[in-house]
Amino acid sequence: MAILANFSLPALPYEYGALEPYIDRQTMEIHHGKHHNAYVTNLNAAVANHPEWAEKSLEELLANIRNLPNDIKNAVRNNGGGHWNHSFFWKIMTPKSTGEPVGQLKAEIERVFGTFSRLKEDFSAAAQSRFGSGWAWLIKKDDSLVITSTPNQDNPLMDIADVAGKPVLGIDVWEHAYYLKYQNRRPEYINAFWNVVNWEYADELFRQS
Ligand code: MN3
């Protein structure tokens, strides 16, 4: 009997065009409906071949990339990472951004980076300098904050991450995230991203665990 792996594409928490003019509707439609959907489909196909892994949560899979069977290791790394990263990305953005950090996260940003402006500079630099496809992250690590970046669909929850921690903010810098509107101008996309950050959710993530 086939095991039905049951990862599924989460609905966007807002309309496709809600992040205009910063992130355009067509990019969101393709990014969510095609790219993210493909990661989910491919992840389900991979774990379906290994019932003992198909029962694990996504976070458990990501924490065990090294231990996965060789025939699905890369598929779970790329597609499980892609599924987690995009599920996170949709929620860390909102059309009703406060425009600046709030709560305990705000206090910790000011303690670690001095000012919000400095955090923006450092995070934007990490996003800009990530060569090729990948992500930049602000993570909770040892109860404080660290900026890091990962290639492809890797993330700081993976056992193979150079810098491990819990994401509280992240930006997708794959070209598919911005090319339709910004073409090769990644810095403009990164600048625009600050207008749609869901700081209330980021603060919630920082306060948890
Ligand atoms: Mn993407």
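Residues: numbered from 1 along the sequence shown. For ligands, and for the atoms within them, numbers begin at 1 and follow the listed sequence.
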Within-2.8 Å protein N/O/S contacts of the Mn ion (ligand 1):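 Listed by chain and number: His31 NE2, His86 NE2, Asp172 OD2, His176 NE2.
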Heavy atoms from other residues, nucleotides or ligands near CG of Asn195 exceed 12 (cutoff 6.0 Å):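 For Asn195, atom CG is crowded (more than 12 foreign heavy atoms under 6.0 Å).
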For Lys106, salt bridge (charged side-chain N to carboxylate O under 4.0 Å, His left out) partners two or more places apart: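 With sequence neighbours excluded, Lys106 shows a salt bridge (charged side-chain N to carboxylate O under 4.0 Å, His left out) to Glu110, given in chain and number order.
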Single hit among Tyr201, Trp135, Trp84 for ring pair (Phe, Tyr, Trp, His ring centres under 6.0 Å) with Phe89: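 Looking at Tyr201, Trp135, Trp84, the match for Phe89 under the ring pair (Phe, Tyr, Trp, His ring centres under 6.0 Å) is Trp135.
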Chi angles and distances behind the ring-ring contact (aromatic ring centres under 6.0 Å, His included) call for His31, Trp90: CA-CA 10 Å; His31 201 176; Trp90 312 136; 5.0 Å; yes
Heavy-atom check, side chain of Phe113 versus side chain of Glu108, under 4.5 Å: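 No - every pair of side-chain heavy atoms lies 4.5 Å or more apart.
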Partner of Arg77 under side chain to side chain donor-acceptor pair (under 3.5 Å), chosen from Asn152, Asn155, Asp154: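 Only one of Asn152, Asn155, Asp154 forms a side chain to side chain donor-acceptor pair (under 3.5 Å) with Arg77, namely Asp154.
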